[in-house]
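Notes follow the structure.
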Protein chains: 2
Amino acid sequence: MPRPSLSRDEILDTAANLVKQHGPGALTMRKLAAELGTAVTSIYWHVGNRESLLDALVERTVADLGELRPTGGTPAQRIVSVARALRRRLRDHPHLVAMVHERGLTEQMFLPAQEVLVREVHAAGLHGARAAEVVRAVQFHVVGHVLVERNRERAPVQRPGEEELWGARTADGDPALARALAAPIDTEKVFTTSIRALVTGLLEAPPRGAGTGATVN
Amino acid sequence: MPRPSLSRDEILDTAANLVKQHGPGALTMRKLAAELGTAVTSIYWHVGNRESLLDALVERTVADLGELRPTGGTPAQRIVSVARALRRRLRDHPHLVAMVHERGLTEQMFLPAQEVLVREVHAAGLHGARAAEVVRAVQFHVVGHVLVERNRERAPVQRPGEEELWGARTADGDPALARALAAPIDTEKVFTTSIRALVTGLLEAPPRGAGTGATVN
DNA sequence: ACCTGAACACCGTTCAAGT
DNA sequence: ACCTGAACACCGTTCAAGT
């Protein structure tokens, strides 16, 4: 008596477990089959191939991320709060980020935030194409930041050793800046600083061409 | 007579060619050996393993990116121009982005811009830790954007088909926005919009706590 | 409809052996 | 110092064959 059936869901479950424990690199069809106690080829019958397996896992994980509730009084604050919440969620699921990148599905990661953000951008008084621009800008910023962050984590020694690279001369004679650039990066702070600046800039930008102040490049 | 010596440089050259033509995925030790006309194991003697080979390729390619010359009258414009120039350079080397991501070397990609940016941030009147913050924010934004952009390019159909996802209801009753979000993304425009907003926001932000206007979250 | 083993065409890396 | 072939321990996927 070999084993009691084999369902697509069971495959996804144990695959998710494998990924959670050792990352997407450890998810091989053969290891998965061993874990399930089946022949490798059975998996193919249920899920197609490794790529569709990953796609299914991504979809499932994104759906489990849950809703994002904005906090704060002003629209800008609420947009920033959503961005920060999404980043935190994604940070808590590093394997999701890895899978999403492997499969080229960055769009998916932003789904939980998209509808919420649309409402907040509306509340900020922006509509139509202008509103879409803001949503897109925030999307690329958050997703991009998370990709960079996750990438840095599994980096080697960080090649030329940024510490020695930033002597006071290369820093345009600003030793304090040299020190700051040589120190390990506080990605949390980088994110907070930049998302605030980005949202501020986006919401106050003049509607294309009708600038009141200096236009930036 | 098998072949005239085998140098580390020759290995890197043909490896770079292989990557340029078919991407980093096509760079296998065995194909490289075949291309070189040597035994696979000879490569190991010269470059160690595949990882160090990729690292060497990244370093070499980054060094070849060349200098970035700022343009524009105001510091903000000049910072934006550097960011845009770096993005364009990286877009022109999609395989570099891929290798950098595979090896976790995102830091490297920003090197050509770093010193230039330091000078411009100084010109904007910022120094020390505050200046480093701005440099870092721009770094993560540009590198992150490029990662997202390259990732999207090799995406499958884009899962739930954003077109149908954005009916007018989900878009908070804004059909123009729904249309804009359903349309294919103009990443060039997204980048321009967001880098301008980011830099504007970064340069006008009050020095931490001593805010004159509303603080954002 | 579902599961199997065998086989194909790949990988990176190590190691003892050659010159 | 440099190069080699053989071998190890893996991969994803296909396919004919079973029940």
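No experiment lies behind these values; they were computed from the predicted model shown. In what follows, chains are A, B, ... by sequence order, proteins preceding strands, each numbered from 1.
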Name all pairs fulfilling the ring pair (Phe, Tyr, Trp, His ring centres under 6.0 Å) condition that reach into residues 87-120 of chain B, sequence neighbours left out, sorted by first residue then second.
A/His101-B/His101

For [X], give me all partners under side-chain contact (heavy atoms from CB on, under 4.5 Å), at least two apart in sequence or on another chain.
X: A/Ala83; result: A/Val138, A/Val142, A/Phe191, A/Ile195
X: A/Ala124; result: A/Pro75, A/Leu203
X: A/Ala98; result: A/Pro24, A/Arg150
X: A/Ala176; result: A/Asp174, A/Arg179

When the distance from NE2 of B/His46 to C1' of D/dC3 is rounded to whole Å, what number comes out?
8 Å

Taken to the nearest whole Å, CD1/A/Ile43 to P/C/dC2 is 16 Å

Residues within residues 24-32 of chain B bordering DNA chain C, heavy-atom distance below 4.0 Å
B/Leu27, B/Thr28, B/Met29, B/Arg30, B/Lys31

Could you run through DNA chain D and flag its stems, i.e. three or more consecutive Watson-Crick or G-U pairs with both distances under 3.5 Å?
C:4-8 with D:12-16, C:12-16 with D:4-8

Where is the tightest heavy-atom contact between B/Met29 and B/Ile43, given as atom of each residue plus distance?
O-CD1, 3.6 Å

Expressed in whole Å, how much space separates the P atoms belonging to C/dC10 and D/dA9?
22 Å

Name all residues meeting the ring pair (Phe, Tyr, Trp, His ring centres under 6.0 Å) criterion together with B/His141; count only those two or more places apart in sequence or in a different chain, and write none if there are none.
A/His141

Once base and sugar-phosphate atoms are separated, protein heavy atoms under 4.0 Å mark nucleotides 14-19 of chain C, 5' to 3', with B, S and - as BB----

Return whichever of A/Val40 or B/Arg50 has its heavy-atom-nearest nucleotide of DNA chain C closer to the 5' end.
A/Val40

Pairs involving residues 11-22 of chain B, ordered by first then second residue, that meet side chain to side chain donor-acceptor pair (under 3.5 Å) (sequence neighbours left out)
B/Asp13-B/Arg60

For A/Arg89, the salt bridge (Lys or Arg N to Asp or Glu O under 4.0 Å) test, sequence neighbours excluded, returns none

For A/Glu153, side chain to side chain donor-acceptor pair (under 3.5 Å) partners two or more places apart
none

